[in-house]
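A quick write-up on the structure given underneath.
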Amino acid sequence: MENFTYFTPTKVIFGRDAEKQIGSILKEQGCKKVLLHYGGSSASRSGLLNRIEVILLQSGISFLSLGGVKPNPRLSLVHEGINLCKSSGVDFILAIGGGSVIDSAKAIGYGVANEGEVWDFYEKKRTPAACLPVGAILTIAAAGSEMSNSSVITNENGWLKRGCNADVSRCKFAIMNPELTFTLPEYQTACGCVDIMMHTMERYFNQAENMELTDGISEALMRDVMKHAKILKRDPTDYNARAEVMWASSLSHNGLTGCGTDGGDFASHQIEHELGGMFDVAHGAGLAAIWGSWARYVYQENPLRFAKFAVNVHNIPSSTDLEDLTEEEIDSLALAGIKAMENFYHSIDMPTSLTELGISVTDEQIQELAEKCSFGQTRTVGIVKKLDKQDVIQIYQNAR
Ligand code: NZQ
Ligand code: ZN
């Protein structure tokens, strides 16, 4: 078991009507002027935005608004938000939405609290020393940004999608009412479930010694999400299924499923982020499209772990304890687990190839994607197998 630091400072207010507490929660934060930050139209269509504005007015909390965050949130709106906050004296950002809105809020928070160009933090030229406090009212269970230390932004100049991880950006609070996710389109629900699975799988597939408790938590979380994703396909307003998936979204990305491991792989995420940057695909769907190709490319580096995934997550029977199996038996279990995962993705109408994702990627584009993913061949990605540009090219090609 590796040493670890587990830091989850976000206060969680979970359940029906949770958002009604927003007035008192913001007062607890002692803020004077709040920026309401939100996406395209879902929060106003559902009436949520209006309800929050009414509560803030009744609570005497001064606020202004900036909507229009796109999925794969853009740097240009972040700049707009930074200027708005600075000129209006905003001292708290309330993100109403999903990962894109929360990530945009964190980026604005960095830009206000630090000197200089905010994109520097995403290019890893500098580390943010501070962030304006951010809180979230979550409307989609997916990215886990409500409890993670991460923000992912797309720079339209070059269509680069880059992440910045810093604990200073962790949300002060996350309001999670599963009912707020009832209005999600089926596709977005499924994309979210993939992302939750992947945040756990990226940590589960590692090269560390076994950490039984963490593995057990991860395996239970993955079984739980698959079960409830299927229920939500039949009944999007099943409260308990929405609640299970919503809580899983936070636990899958707040660090819990990485405790005592080597930090996990995250190559699929890095490979997908380039697809998001170039083709503007939904993050979860992009992950589903690439994962099988990644898994088949790397599983022989740690076949026992893939076999464990097959048995403990996908209930594929094993004739005996894994330790007593032959190499061939482990290999075949590992491959069966990968197939079972792809079958699950298909069962919720998620793609398992780039073609199914709806994009046709040329050889030249693959070169460009891999060049960007390897930061101009200056880094490798992944831990199960460290992948350089040529490996990443192969994974994109095999995913077509
Ligand atoms: O823009 P609106 O109209 O609000 O519509 C959104 C958007 O089109 C819609 N939506 C959200 N809540 C809804 C709703 N529609 C109906 N009813 C509701 N209740 O859903 C669409 C997707 O929203 P988005 O916020 O983009 O989804 P998600 O939470 O999946 O976030 C994806 C972004 O997060 C990044 C991804 O790369 C992507 O940019 N990630 C952030 C992470 C983090 N900060 O920790 C980790 C992840 O790995 C991920 O990279
Ligand atoms: Zn993700």
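Indexing begins at 1, ligand by ligand and atom by atom, following the structure's order. The figures that follow rest on heavy atoms only: side chains count, while hydrogens, waters and symmetry mates do not.
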Q: Check if K161 has a non-hydrogen atom at a distance under 4.0 Å from any atom of ligand 1.
A: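 Contact check K161 vs ligand 1: positive.
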
Q) Does some non-hydrogen atom of A282 fall short of 4.0 Å from ligand 1? A)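 A282: no contact with ligand 1 (<4.0 Å).
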
(Q) Angle between ring planes, F309 versus H314, binned at 30° and 60°: parallel, tilted or perpendicular? (A)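 Perpendicular, since the angle between the ring planes exceeds 60°.
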
Mark up the atoms of ligand 1 that fall under 4.0 Å of a heavy atom belonging to [X], in ascending order.
{"X": "T183", "value": "16 (C), 17 (N), 18 (C), 19 (N)"}
{"X": "H253", "value": "45 (O), 46 (C)"}
{"X": "S148", "value": "43 (C), 44 (N), 45 (O)"}
{"X": "G98", "value": "25 (O), 29 (O)"}

Q. Is a donor on one side and an acceptor on the other found under 3.5 Å between the side chain of S252 and the backbone of T200?
A.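 Here the side-chain-to-backbone pair does not exist.
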
Q. S218 and Y204: which non-hydrogen atoms are nearest, and at how many Å?
A.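 Closest approach of S218 to Y204, heavy atoms only: CB-CD1, 3.9 Å.
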
**Q.** Cation-pi geometry met for R242 and Y239 (6.0 Å, 45°)
**A.**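 Judged by the rule (NZ or CZ under 6.0 Å from the ring centre, within 45° of its axis), R242 is not positioned above Y239.
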
Q: Using the six-membered ring of F7, assess whether NZ or CZ of R170 lies under 6.0 Å from its centre and within 45 degrees of the ring axis.
A: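 Output no; distance or angle outside limits.
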
Q. Do you see an N/O/S atom of D195, backbone or side chain, under 2.8 Å from the Zn ion (ligand 2)?
A.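 Checking D195: at least one N, O or S atom is under 2.8 Å.
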
Q) Hey, is there an N, O or S on H199 sitting under 2.8 Å from the Zn ion (ligand 2)? A)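 For H199, the answer is yes, given that an N, O or S atom comes within less than 2.8 Å of the Zn ion (ligand 2).
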
Q. What protein heavy atom sits nearest atom 12 (N) of ligand 1, and how far off is it?
A.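 Result: T139 OG1, 2.8 Å.
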
Closest candidate by heavy atom, reference [atom], pool [options]:
{"atom": "atom 33 (C) of ligand 1", "options": "G68, S46, S100", "answer": "S100"}
{"atom": "atom 2 (P) of ligand 1", "options": "G40, G286, G67, S104", "answer": "G40"}
{"atom": "atom 4 (O) of ligand 1", "options": "S42, G192, G97", "answer": "S42"}

Are any of the N or O atoms of [X] closer than 3.5 Å to those of ligand 1?
{"X": "H273", "value": "yes"}
{"X": "L180", "value": "yes"}
{"X": "H199", "value": "yes"}
{"X": "I140", "value": "no"}
{"X": "V101", "value": "no"}
{"X": "S41", "value": "yes"}

Q. In terms of hydrophobic clusters joined by side-chain contacts under 4.5 Å, are V281 and I348 together?
A.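 Hydrophobic grouping puts V281 with I348.
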
Q. How does D103 reach ligand 1, by side chain, by backbone, by both or by neither, if only non-hydrogen atoms under 4.0 Å count?
A.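 For D103, only side-chain atoms sit under 4.0 Å from ligand 1.
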
